[in-house]
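Both backbone and side-chain heavy atoms feed into the values below; hydrogens, waters and symmetry mates do not. Quick caveat: nothing in here was measured; it's all calculated off a predicted structure. Lettering of chains follows the sequences in order, A, B, ..., and the numbering in each one begins at 1.
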2 protein chains.
Amino acid sequence: MPKLSRAAKNLRRTTIEDAARDLFIKQGFHATSMRDIAKTAEVSLGNLYNYYATKDAIFESIINNYQQQIDEKLRVIFSQIDEPLEPESLRQMGEMVGNLVDQHSDFWLLMYIDVLEFQNRHFRKMFDGLTDRFQRMFGDKFEQAKTRGDLRTGVDPATVFTAAYMQFFNYFLVEKLFGGNRHLNLSDDQALNFLTKIFAYGLLSETKLADYKKSVNKAIV
Amino acid sequence: MPKLSRAAKNLRRTTIEDAARDLFIKQGFHATSMRDIAKTAEVSLGNLYNYYATKDAIFESIINNYQQQIDEKLRVIFSQIDEPLEPESLRQMGEMVGNLVDQHSDFWLLMYIDVLEFQNRHFRKMFDGLTDRFQRMFGDKFEQAKTRGDLRTGVDPATVFTAAYMQFFNYFLVEKLFGGNRHLNLSDDQALNFLTKIFAYGLLSETKLADYKKSVNKAIV
DNA sequence: AAATAAAAAACGGACGTTCATTTTTCTTGA
DNA sequence: TCAAGAAAAATGAACGTCCGTTTTTTATTT
C-alpha cells in the first residue's frame with residue numbers, strides 16, 4: 001500500500017522537474033548538479049533517486065513533458081488557421097510562433113542542449129516529415145486553392161508553408177536567443193509583414209496577388 | 001632567452017586547440033576535462049597551464065581563431081557574388097552556405113555551446129546589423145537594380161537578401177545538426193532551387209521575373 | 001649552470017550515486 | 001478511538017571518482 005497518493009507523487013515530480021528545468025536552462029545540463037536540483041526543489045539529495053533513476057532520467061522526463069506541452073500549443077496554433085494560404089493566415093502563424101518562442105525560450109534552449117549532448121535524440125521528431133505533416137493537416141485546403149487557381153503553378157503549397165513556418169521560427173530564435181537584435185533591421189511587426197509578403201509573392205498566382213496587394217497595402221502596388 | 005621558437009609554441013597551441021575543439025564538439029564544454037584535452041593533445045596536464053590560464057581561455061581562443069576562419073570563408077563567398085539579386089546568385093550563395101555548414105558543422109555547435117553557457121557572448125556579432133552589412137556590401141548593386149526597374153516596388157533588396165541568407169543557413173543547420181532529414185521533402189538541390197524561387201518571386205519585378213522563368217525553368221511559367 | 005619547458009604529483013572540492021538510518025504515513029486490531 | 005506496527009518515504013552521511021588548478025620535480029636546451 002502506498003503511503004503517498006498518486007497525486008502527491010506527481011506533485012513531487014513536478015516540483016523536482018520545475019526546479020531542474022530552470023537550472024538546466026540557466027546553467028546547462030552538465031553544470032547543474034543533483035545537489036543544486038535537490039536544494040532548489042527543497043528535497044533531499046537522496047530522495048531524488050526515489051523518483052528518478054539517474055540525472056539523465058530527469059532530463060528526459062522534462063523533455064517529454066515539455067514536448068507534449070509545446071505540441072499542444074502548436075496544435076492550437078494550427079487549429080486556428082482556417083485558410084493556410086491566405087497571407088493573413090501566414091502572418092498570424094508567424095505571430096503565434098513568435099509568442100511561442102518568447103514564452104518558451106527555455107524549451108528551445110533544451111533543444112540545443114539535446115543537440116550538443118544527445119545528438120538531438122529527443123527533438124529529432126520536431127522536424128522529421130514536417131512538410132508531410134502540413135500536407136496531411138491542410139491538404140484539402142491546398143487542393144481547393146489549387147483548383148480555384150489561387151496558386152502559382154509549379155509551387156507546392158505544403159513546401160511554401162513549411163518554409164514560411166521555419167523562417168518565422170528561425171527569425172524569432174535568432175532575435176530571442178542569439179542576440180541578433182533587429183537583424184533584419186525591422187521591428188518584429190515589420191519583419192512579420194515583410195516575411196509574409198515574401199512568401200505570398202512566392203506562393204500566390206498573379207490574380208490572387210492583386211487582391212492581396214489591393215486589400216492589405218496599397219503602397220506596395 | 002626562450003628555448004622554443006615562437007613557431008614551435010604556436011604549433012603547440014594549435015595542437016592543443018585542435019584537440020580541445022574536437023572534444024568540445026563531441027561532448028560539450030563542461031563534459032570535456034582538461035585531462036581529456038591533455039591526453040588527446042599528447043601534452044601533460046600541467047603543461048596546458050603554460051599555454052592557457054584557464055579552461056575558459058582555451059574555449060575563447062578556439063572561438064576567436066575559428067571565427068576568423070569562418071569570416072574569411074564568408075568573405076570569399078560574398079566576393080564571388082557579382083549580381084546579388086540574380087536568382088542564380090542567390091542559389092549559388094545557398095549552395096556555398098550549405099558547404100560551409102557541411103564542412104564546419106563543429107563551428108555551429110560551438111555557437112550553441114556559446115548560447116547555452118555564455119549567453120552567446122562570443123557569437124552575437126554574427127547576426128548584429130546583418131542587413132546593414134549586406135547593404136554596405138552590395139548597396140550599389142541594389143541601387144542599380146532598382147533604377148533598372150528589376151525590383152518589386154516596396155521591397156527592400158537588402159532585407160530580402162538577408163532573409164534568403166538566413167533561410168539557407170537555417171535549412172542546412174536543421175538538416176545537418178537537428179536531424180531533420182529532408183524536412184522540406186526535397187533533396188538539398190531541390191530545396192535550393194525551391195527557396196531561390198520563393199525569394200526571386202518576392203524580390204523581382206514582373207518583367208524581370210518573366211526573364212527568370214523563361215531562362216531557368218520553363219515548367220514553372 | 002642558468003633558464004625554460006615538460007611532466008608528475010598533489011590539493012581541495014564537487015560530482016553522481018548508494019545506503020544505512022530516521023521520519024512519516026496509513027492500516028489494523030482491540 | 002487510538003496506540004502499534006509495518007510499509008513507504010525521506011534523509012544526509014559516505015563512497016569512490018573526477019574535476020580545474022597549483023606546486024613540485026625532472027628534463028632539455030643554450
TODO: Could you state the atom-to-atom distance from OH of B/Y52 to P of C/dA6 in whole Å?
DONE: 13 Å

Task: Side-chain N or O of A/S44 closer than 4.0 Å to phosphate OP1/OP2 of D/dA10 - done: no

Task: Presence of B/R12 side-chain N/O under 4.0 Å of C/dA5 phosphate oxygens OP1/OP2 - done: no

- [ ] Go through D/dA14, C/dC11, D/dT11 for me and flag the one nearest to the A/R35 side chain.
- [x] D/dA14

Open item on the list: Nearest 0.5 angstrom please: A/I70 CD1 to A/R75 CZ, how far?
Closed with: 14.0 Å

Task: Nucleotide D/dG20, atom P - distance to CZ of B/F29 in whole Å - done: 8 Å

TODO: Kindly point out which of D/dA10, C/dC15, C/dT18 is positioned nearest to the side chain of A/S33?
DONE: C/dC15

Task: Pair B/N50-B/N47, side-chain donor/acceptor within less than 3.5 Å - done: yes

Task: Atom pair distance, as rounded to whole Å: CD in A/E42 and P in D/dT11 - done: 10 Å

- [ ] For A/D56 and C/dG16, give me the distance from atom CG to atom C1', rounded to whole Å.
- [x] 11 Å

Task: Atom-to-atom span, CG of B/L48 to C1' of D/dT22 - whole angstrom - done: 13 Å

Open item on the list: With a 4.0 Å cut-off on N to O distance, would you call A/R121 and A/D114 a salt bridge?
Closed with: no

Open item on the list: Whole angstroms only, please: what is the NZ-P distance between A/K55 and C/dT18?
Closed with: 15 Å

- [ ] Taking the six-membered ring for Trp and the single ring otherwise, decide whether the centroids of B/F138 and B/F161 are under 6.0 Å apart.
- [x] yes

- [ ] Verify the contact: side-chain N or O of A/K9 to OP1 or OP2 of D/dA8, cut-off strictly under 4.0 Å; return yes or no.
- [x] no

Task: Residue B/M34, side-chain heavy atoms: nucleotide from C/dA7, D/dG20, D/dA9 that is nearest - done: D/dG20

Task: Minimum-distance nucleotide (side-chain atoms of A/N47 versus D/dG12, C/dT17, D/dA9) - done: D/dA9

Open item on the list: Check this for me, if you would: do B/R91 and B/D189 make a salt bridge, where the nitrogen-to-carboxylate-oxygen distance has to be below 4.0 angstrom?
Closed with: yes

- [ ] Give the rounded distance in Å between these two atoms: OH of A/Y51 and C1' of D/dA10.
- [x] 8 Å

Task: Side chain of B/D36 (C-beta onward), nearest among C/dA10, D/dA14, D/dC19 - done: D/dC19

Task: Integer-rounded Å distance: D/dT26 P and B/L45 CG - done: 18 Å

